[in-house]
Amino acid sequence: MSSQKGTVLITGASRRLGLYNARRLLEAGYRVIATFRHHSSGIDELKQAGAVVLQSNLDETRSILNLIEQVKSITSDLRAIIHNASGWISDSDNPQDNEPLAHLFKLHMEAPWLINRSLYGLLKNYPETADIVHMTDYNALRGDEHYAAYAATKAGLESLTRSFARLYAPKVKVNAIAPYLIIMNDHDQLAAAENTLHIPPMGLEPGEDVIWQSLSYILHNPYVTGTTMPVDGGMSLR
Ligand SMILES: NC(=O)C1=CN([C@@H]2O[C@H](COP(=O)(O)OP(=O)(O)OC[C@H]3O[C@@H](n4cnc5c(N)ncnc54)[C@H](OP(=O)(O)O)[C@@H]3O)[C@@H](O)[C@H]2O)C=CC1
Ligand SMILES: Nc1nc2c(c(=O)[nH]1)N=C([C@H](O)[C@@H](O)CO)CN2
């Protein structure tokens, strides 16, 4: 599988930002390998548009390793890997419940770790510079009183961004995109209704395209690596 613009692997493409960016990658002429956990109408749409869609539970090591082997059997090179899959999971009230942390460690750190290291050879095979992009979060290094496991594992992913950037230069660039609220989830809707949602200087809910614009910039800039790009409406000014 190859195209003049190369093959891009994007995880968590069943809905919202992952689905939107997978669509935009297809429209831009890339070949797309899109992963999903739970099937959705969006996955059917991507398949009809020519994407290869692969099911994978990225919090299960065996499933991650199986996905890696499937990708290797599909293509001999990769233009980019976009780690979008994520869980917006709050901490447990039970102090002895480690499930959120264990789950999000696998999803936000182990999956990118295994996939990047196992598929680096495919990125290296791409005839021009290749990319790895990690979706992190505005709160990664700030922490969050109710989403500590989420923030900590996103911070770990942000650290992996810099380690892999050092390791893989100059053949592969590695960058992160750290959004604040792009499109609301149920929790945000509730917080907005209760007037407890922090509103950035640029206002709320810019929509998915601001992430596509950032992703496109990273893919087209041959000199940007090891960075974390804030897309937060000015929240860092607060
Ligand atoms: N939306 C926003 O405003 C913000 C988003 N971000 C980050 O941007 C990225 C996209 O955000 P958004 O679209 O809102 O994310 P969502 O939470 O809406 O969707 C995440 C995607 O990851 C998949 N996923 C979740 N758990 C697993 C798993 N165990 N194995 C495989 N896939 C899994 C989901 O699949 P399934 O459909 O099966 O659940 C879904 O496709 C994420 O990394 C997020 O952390 C950061 C800050 C703000
Ligand atoms: N995987 C997800 N991560 C995040 C989401 C989401 O819906 N899925 N949403 C947010 C919030 O919008 C936050 O930025 C503001 O409350 C953060 N991460």
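Read the numbers this way: they start at 1 and go in the same order the structure lists the ligands and their atoms.
Look at Arg24 and Asp209 and you find a salt bridge, because one of the NZ, NE, NH1 or NH2 atoms lies within 4.0 Å of a carboxylate O, short of that distance. The residues Arg23 and Glu45 are annotated as salt-bridged, a charged nitrogen and a carboxylate oxygen being separated by less than 4.0 angstrom.
With a heavy-atom cut-off of 4.0 Å, Tyr150 touches ligand 1 through its side chain alone. Counting heavy atoms under 4.0 Å from ligand 2, residue Ile182 does not touch it at all. At a heavy-atom distance under 4.0 Å, only side-chain atoms of Tyr150, from C-beta outward, approach ligand 2. With a 4.0 Å heavy-atom cut-off, ligand 1 is reached by no atom of Met184. Neither the backbone nor the side chain of His198 comes within contact range of ligand 2; no heavy atom lies under 4.0 Å.
The residue from Asn139, Thr136, Asp137, Thr35 that puts a heavy atom closest to atom 7 (C) of ligand 1 is Thr136. The heavy atom nearest to atom 24 (N) of ligand 1, out of those in Ser86, Pro206, Ala111, is found in Ser86.
Aromatic ring orientation, Trp113 versus Phe164: tilted (interplanar angle from 30° to 60°).
Here the heavy atom of the protein found nearest to atom 10 (C) of ligand 1 is Asn84 OD1, 3.0 Å. Protein heavy atom closest to atom 4 (C) of ligand 1, with residue, atom name and distance, is Tyr180 O, 4.3 Å. With hydrogens left out, the protein atom closest to atom 13 (O) of ligand 1 is Leu17 N, 3.0 Å, a heavy atom. For atom 18 (O) of ligand 1, the closest heavy atom belonging to the protein is Arg16 NE, 2.7 Å. Looking only at heavy atoms of the protein, atom 7 (O) of ligand 2 is closest to Arg16 NH2, 2.9 Å. Here the protein heavy atom with the shortest distance to atom 8 (N) of ligand 2 is Trp88 CB, 3.5 Å. Nearest protein heavy-atom neighbour of atom 34 (C) of ligand 1: Arg15 NH2, 3.8 Å. Atom 6 (N) of ligand 1 has as its closest protein heavy atom Pro179 CG, 4.0 Å. For atom 14 (O) of ligand 2, the nearest non-hydrogen atom of the protein is Leu181 N, 3.4 Å. Atom 32 (N) of ligand 1 has as its closest protein heavy atom Arg37 CB, 3.7 Å. When hydrogens are left out, the protein atom nearest atom 41 (O) of ligand 1 is Ser14 OG, 2.8 Å; that is the closest non-hydrogen contact. Nearest protein neighbour of atom 11 (C) of ligand 2, counting heavy atoms only, is Asp188 OD2, 3.5 Å. The shortest contact between atom 1 (N) of ligand 2 and any protein heavy atom is with Ser86 OG, 2.9 Å.
No side-chain heavy atom of Val32 sits under 4.5 Å from any side-chain heavy atom of Val52. For the pair Thr153/Lys106, no side-chain contact is recorded, criterion being any heavy-atom separation below 4.5 Å from C-beta on. The shortest distance between side-chain heavy atoms of Tyr180 and Arg238 does not fall below 4.5 Å. Between Asp59 and His103 the shortest side-chain heavy-atom distance falls below 4.5 Å.
Backbone and side-chain nitrogen or oxygen atoms of Asn57 are examined, and none is located within less than 3.5 angstrom of a nitrogen or oxygen of ligand 1. Considering backbone and side-chain N/O atoms, Gly12 comes within less than 3.5 Å of an N/O atom of ligand 1. Residue-to-ligand polar distances place Asn185 within reach of ligand 2: an N/O pair is separated by less than 3.5 Å. Ligand 1 has no nitrogen or oxygen under 3.5 angstrom from a nitrogen or oxygen of Ala85. At under 3.5 Å, not a single nitrogen or oxygen of Gly87, backbone or side chain, sits near a nitrogen or oxygen of ligand 1. Remark: ligand 1 and Ile182 share an N or O pair separated by less than 3.5 Å (distance only, no angle test).
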Evaluation steps, side-chain contact (heavy atoms from CB on, under 4.5 Å), between Ile218 and Met229: CA-CA 9 Å; Ile218 288 169; Met229 180 188 296; 3.8 Å; yes

Side chain to side chain donor-acceptor pair (under 3.5 Å) evaluation trace for Thr227 with Asn175: CA-CA 5 Å; Thr227 73; Asn175 293 283; 2.7 Å; yes

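Residues His38 and Ser14 bring no donor and acceptor atom of their side chains to less than 3.5 Å of each other. Judged purely by distance below 3.5 Å, without hydrogens or angles, the side chains of Tyr150 and Asp137 pair a donor atom with an acceptor atom.
Closest approach of Gly18 and Asn84 over heavy atoms only: CA-ND2, 3.4 Å. Between Tyr126 and Lys171, the closest heavy-atom pair is O-NZ, 2.8 Å.
The closest approach between any non-hydrogen atom of Glu208 and ligand 1 is not below 4.0 Å. Residue-ligand proximity: Ser56 is placed with a non-hydrogen atom under 4.0 Å from ligand 1.
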